[in-house]
Protein chains: 2
Amino acid sequence: MSDTPSISPKSLTMQDVADAAGVSPMTVSNCFRYPERVREKTRMAVMKIAADLGYVPNLSAGTLAAGSSRVIGAVLPSMRNSSFYNYNSGLRQAAAARGLELITMIAETPEEELSAVQTLLGLRVAGVALVAGPHEPGLSQLLALAGVPVVESWAGEDAIGRGVCYDVGAASRALTRHLIAQGRRRIGFVEVTGGGGQRYAMRLPAFRQEMFAAGLSDSLVLTVRAADGFASGATILDSFLALEPNLDAILCPTDVVAAGALFECQRRGLAVPGDIAVAGWGDYDIGRQVSPMLTTVRPFSDEIGKGAIEVLTGDHEGSGAVATPFALQLRESA
Amino acid sequence: MSDTPSISPKSLTMQDVADAAGVSPMTVSNCFRYPERVREKTRMAVMKIAADLGYVPNLSAGTLAAGSSRVIGAVLPSMRNSSFYNYNSGLRQAAAARGLELITMIAETPEEELSAVQTLLGLRVAGVALVAGPHEPGLSQLLALAGVPVVESWAGEDAIGRGVCYDVGAASRALTRHLIAQGRRRIGFVEVTGGGGQRYAMRLPAFRQEMFAAGLSDSLVLTVRAADGFASGATILDSFLALEPNLDAILCPTDVVAAGALFECQRRGLAVPGDIAVAGWGDYDIGRQVSPMLTTVRPFSDEIGKGAIEVLTGDHEGSGAVATPFALQLRESA
DNA sequence: TCGAAAACTTGTAGCGCTACAAAAATTTTG
DNA sequence: CAAAATTTTTGTAGCGCTACAAGTTTTCGA
């Protein structure tokens, strides 16, 4: 009774499991890595013992010995955004379907991103999934030197590694056309320059193109450094109405901003979509829950994640950026 | 000209850097791991060469050789929630302050959580940060056998490893007292049983205690399996009004639900806080952006993350759950 | 029942790095 | 300026696992 059951937390090794199971370490290794190589009966016995002992294979040793790992590393710029939630889900599911694990690192700044990538490379991950945005100068070269598969989501031809993205320009054109077809003439567009804005750089040119094609003025453009939260939606509406009191539509950078603008419209007694159409972007939860529900662009971010894993595992033929679908989500607000 | 500069992406080793720098591999190792052990001049030279070559130390090998790593693993139940965003930020910052890296895994279900923990243990992380919620049965034992430091955030005395949490009961009591002090008498309480509901198990008993102490009825309790999104706020308000048409306050499980309830009140022409007080929980962005702004409980989730890292690194004296602060955020809605 | 083919199992030889102790270089002291 | 004290640098010996090729056992057809 005085024996201390687990006084030494000395970690179990494959050898311990092998001894307990009466097989060689290699068989234990095969059980975990290539189950089909081991006879069912043997495998069951080994796995049972491993589970009883609480043995978890040391991935560090495995990665070192094998020279490769079964882990994909993703770096996200932020967790606030529900797009990234869906993106991460897509990554995770696609990775799981291929027997890969996904680890995620959050990086708020380019420096943090670089540091995160270094950790991931240090772990010798099987692939790195980045998100488009401002990067630290050395990042691209670091990844190139490491020779690891890289994918940059929401990026196009100029991506680090290969880009995976839906056609933002096409989505912007479709949304603009939709408003024009509704008879909107004085359409305001919000351009975001800071932070993740560059993921959506194609929105404005596409908007202008369609406005021009319809013979409308594309001068109602508001450029802001950042826009998040309802408050900025209110501010933006303010600014637009000061610019053009007869504004009849507004294209917001996200559903959250659109919701803020919508609330501000309601506060001012402007009917949506009667007096003014409000369009969001991104198909966030909130767009479905405000009234009127927001017309928006649905990015299928989980498909971007899936595409990213396919690129990393080499399942994607061809070259150039991978295009994922998007959809115009026409609801009540525009 | 026919030589291929980097035909073989054979990864660089410490030896390569050592050769290029004219020092021994150990010196290179020390430069990365214990910079203060190496003379400044030598270190600069080595780091310069390492950077030029694009060398990144193989953490797998390092972890294997050293028997420990400088990486903390966190498992989050979801990224949707802004609390977890702040929690993760707190983890990251506190980890960075101690020279540790943080890797995050998202797990939607207990099975995924178990699998994530196995990967983390396989990586031989220096600590595992869990979030309270339903766990797979084997999880606790697995972690105990691994002998790795574990912390469970939002958990109390019964935590796996050590708990870090604010006093949910005290927060609930404070909020209830606040409503009572306002003269509210028919207060509805929403109890969530599913998902993360158990993180807030102490809310209901605390509510009842205060209602009883004030001589009020605590029977206006609605139990739902899950509540997220504005829509459930509307549903909940519906149900309460059916139960008690003279309801004068409602305690919602989150600010999102509270916002939904608030919108429903406005739709029905009920004045908030005039006719009915609406209180949220969690201090989400949205609570600050609706009008009237929501009274809520602010959890300082980043402090929970910070506390979790402190526990994992052994910086926290004593035993028992670690208490983090909370604050009653009194705003307009209650 | 026997031999060949197929299926399964097992040594061997590192993977790249770090703890540790010992050696070398440098600085300080008498 | 030599000896002692201190700071820097360097071999050695694995960490736990897996690729690979070489056994060993089982299965199967004749």
Side-chain angles (χ1 to χ4, degrees), chain A residues 8-47 50 53-71 118-119 121-126 146-147, chain B residues 8-47 50 53-71 118-119 121-126 146-147:
Chain A
S8 70
K10 188 175 69 62
S11 80
L12 288 167
T13 71
M14 222 161 232
Q15 185 72 58
D16 298 320
V17 178
D19 291 348
V23 297
S24 76
M26 263 320 297
T27 296
V28 179
S29 171
N30 283 330
C31 284
F32 281 95
R33 255 182 118 77
Y34 303 102
E36 73 284 359
R37 288 190 188 166
V38 181
R39 197 196 317 193
E40 164 114 19
K41 195 179 144 208
T42 312
R43 179 157 44 81
M44 296 298 245
V46 169
M47 294 310 261
L53 260 36
Y55 171 74
V56 177
N58 186 326
L59 294 183
S60 298
T63 298
L64 180 59
S68 69
S69 82
R70 298 168 154 288
V71 177
Q118 278 175 321
T119 300
L121 291 180
L123 255 15
R124 296 299 187 265
V125 292
Chain B
S8 68
K10 189 177 67 63
S11 79
L12 288 167
T13 72
M14 220 160 232
Q15 185 71 59
D16 298 320
V17 178
D19 290 348
V23 297
S24 76
M26 263 321 296
T27 297
V28 179
S29 172
N30 283 330
C31 283
F32 282 94
R33 259 183 113 78
Y34 303 102
E36 73 284 359
R37 286 190 190 167
V38 181
R39 195 197 319 192
E40 163 114 17
K41 194 179 145 209
T42 313
R43 180 157 43 81
M44 295 298 244
V46 169
M47 294 310 261
L53 260 36
Y55 172 72
V56 178
N58 186 327
L59 293 183
S60 299
T63 299
L64 180 59
S68 68
S69 81
R70 296 168 157 292
V71 176
Q118 278 174 322
T119 299
L121 292 180
L123 255 14
R124 297 297 188 267
V125 292

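Side chains included, hydrogens not; waters and symmetry mates left out as well; all remaining heavy atoms used. Chain identifiers are assigned alphabetically (A, B, ...) following the order of the sequence lines, protein sequences preceding nucleic acid strands; residue numbering begins at 1 within each chain.
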For nucleotides 7-14 of chain C, print each protein N/O atom paired with a nucleotide N/O atom at under 3.5 Å, atom names and distance only.
residue	atom	partner	partner atom	Å
C:dT9	OP1	A:Thr42	OG1	2.5
C:dT9	OP2	A:Arg39	N	3.1
C:dT10	OP2	A:Ser24	N	2.9
C:dT10	OP2	A:Ser24	OG	3.1
C:dT10	OP2	A:Thr27	OG1	2.6
C:dT10	O5'	A:Ser24	OG	3.4

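- Scored by the side chain to side chain contact (heavy atoms under 4.5 Å, CB included) test, B:Ala45 finds no partners at all (sequence neighbours excluded).
- Annotation: side-chain hydrogen bond (donor to acceptor under 3.5 Å, both in side chains) contacts of B:Ser29 (sequence neighbours excluded): none.
- Looking at heavy-atom distances under 4.0 Å, A:Gly67 makes no contact with the nucleic acid at all.
- With sequence neighbours left out, A:Thr119 forms a side chain to side chain contact (heavy atoms under 4.5 Å, CB included) with A:Met105, A:Leu123, B:Leu59, B:Glu101.
- Taking side-chain N and O atoms only, B:Tyr55 has a distance below 4.0 Å to OP1 or OP2 of C:dC17.
- The shortest distance between the side-chain N/O atoms of A:Ser29 and the OP1/OP2 oxygens of D:dC17 is not below 4.0 Å.
- Within the structure, salt bridge (Lys or Arg N to Asp or Glu O under 4.0 Å) contacts touching residues 28-46 of chain A (residues at least two apart or in different chains) are A:Glu40-A:Arg43.
- With sequence neighbours excluded, no residue forms a side-chain hydrogen bond (donor to acceptor under 3.5 Å, both in side chains) with B:Ser68.
- Taking only side-chain atoms of A:Thr13, from C-beta outward, the nucleotide of C:dC17, D:dG16, D:dT18 with the closest atom is D:dG16.
- Atom CG in B:Leu123 sits about 14 Å away from atom C1' in D:dG16, given to the nearest Å.
- Put simply, A:Tyr34 has no side-chain N or O that comes within less than 4.0 Å of OP1 or OP2 on D:dT18.
- Remark: B:Ala20 engages B:Ile49, B:Leu53 in a side chain to side chain contact (heavy atoms under 4.5 Å, CB included) (not counting sequence neighbours).
- Side-chain N/O atoms of B:Arg33 include one lying less than 4.0 angstrom from OP1 or OP2 on C:dA19.
- Counting to the nearest Å, the C1' atom of D:dT25 and the NZ atom of A:Lys41 are 12 Å from each other.
- Summary of helix geometry: the two end axes of the helix from C:dT1-D:dA30 to C:dG30-D:dC1, each defined by five base pairs via their C1' atoms, are inclined to each other by 20° (rounded to 10°).
- Distance, B:Asp19 CG to C:dG16 P: 13 Å, rounded to whole Å.
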